[in-house]
Amino acid sequence: MTSDVSKMIAALRDGSMSLEDVAQKFRKRAWPRRKLDQTTSYLEMAAAAERDPDPYLEGSFDDVAAAFHRGDISDREYEVLAQAMAESMRAEDRRSG
């Protein structure tokens, strides 16, 4: 399955969307967030550190990171998209109080 984020990155690559177009869509979309486990003791923190990293979350910024690591987007494109995603998440945080 291909996420909307992956489709936007593909459109950026094939030139049917500009970097600013994709960044604007990133600013307007809601980004899924992982639920963070709350640890209360040192033993829980140690156990959490030994677990596997978070699994891939489709439709999240994981898609952008994967594209960057494959060489599908440049450092600059990654930076612009990361900033746009962060702006979206900060706006969502302000709305939710």
Side-chain angles (χ1 to χ4, degrees):
M1 179 182 276
T2 303
S3 74
D4 63 326
V5 175
S6 295
K7 289 177 185 174
M8 285 186 271
I9 291 170
L12 176 62
R13 289 284 39 93
D14 71 19
S16 60
M17 288 182 76
S18 71
L19 178 58
E20 185 51 40
D21 291 338
V22 175
Q24 189 60 28
K25 288 189 178 287
F26 274 32
R27 288 181 194 100
K28 292 181 179 180
R29 81 183 296 276
W31 291 90
R33 298 183 189 209
R34 288 186 171 83
K35 182 181 176 209
L36 300 176
D37 292 334
Q38 297 297 319
T39 57
T40 58
S41 71
Y42 178 76
L43 289 177
E44 288 177 354
M45 288 189 297
E50 290 182 352
R51 284 194 297 265
D52 286 335
D54 292 326
Y56 167 75
L57 183 59
E58 186 175 348
S60 72
F61 202 73
D62 290 352
D63 292 333
V64 179
F68 175 74
H69 291 292
R70 285 191 308 268
D72 293 344
I73 61 175
S74 68
D75 290 350
R76 180 177 174 278
E77 290 166 330
Y78 180 88
E79 184 178 325
V80 168
L81 297 177
Q83 181 63 36
M85 182 267 311
E87 289 172 19
S88 171
M89 294 180 87
R90 283 192 298 268
E92 184 178 343
D93 288 346
R94 284 191 299 272
R95 286 190 300 274
S96 65

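One is the number of the first residue; the rest follow in order along the sequence. Remember, it's a predicted structure, so these values are computed and weren't measured experimentally.
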query: Under a 4.5 Å cut-off applied to non-hydrogen side-chain atoms, are Leu19 and Arg76 in contact?
result: yes

- prompt: Side chains of Glu77 and Arg13: closer than 4.5 Å at any heavy-atom pair?
  reply: yes

Heavy-atom pair with the smallest gap, counting every atom of Glu58 and Ser3: OE2-N, 3.5 Å

field: salt_bridge(Lys25, Asp4) N-O dist < 4.0 Å
entry: no

query: Would you call Phe26 and Val5 a side-chain contact if the rule is heavy atoms closer than 4.5 Å?
result: yes

- prompt: Is the shortest heavy-atom distance from the side chain of Arg90 to the side chain of Glu87 under 4.5 Å?
  reply: yes

- request: Determine whether Leu81 and Phe68 make a side-chain contact, defined as any pair of heavy atoms from C-beta on separated by less than 4.5 Å.
  value: no

- line: Between Leu12 and the options Asp21, Asp72, Val22, the side-chain contact (heavy atoms from CB on, under 4.5 Å) test singles out Val22

- request: Check Ser88 against Arg27 and note the closest heavy-atom contact, atom names and distance.
  value: CB-O, 3.4 Å

- line: Taken to the nearest 0.5 Å, the spacing of Thr2 OG1 from Ile9 CD1 works out to 11.0 Å

query: Do side-chain atoms of Ser60 reach the backbone of Pro32 as a donor and acceptor pair under 3.5 angstrom?
result: no

- request: Would you indicate whether the side-chain heavy atoms of Trp31 and Leu57 approach each other to under 4.5 Å?
  value: no

field: CD on Glu20 to CD on Gln24, rounded to 0.5 Å
entry: 6.0 Å

- prompt: So does Glu79 have more than 12 non-hydrogen atoms from other groups sitting under 6.0 Å from CD?
  reply: no

- request: Quick one: closest heavy-atom pair of Met89 and Arg33, and the distance?
  value: O-NH2, 3.1 Å

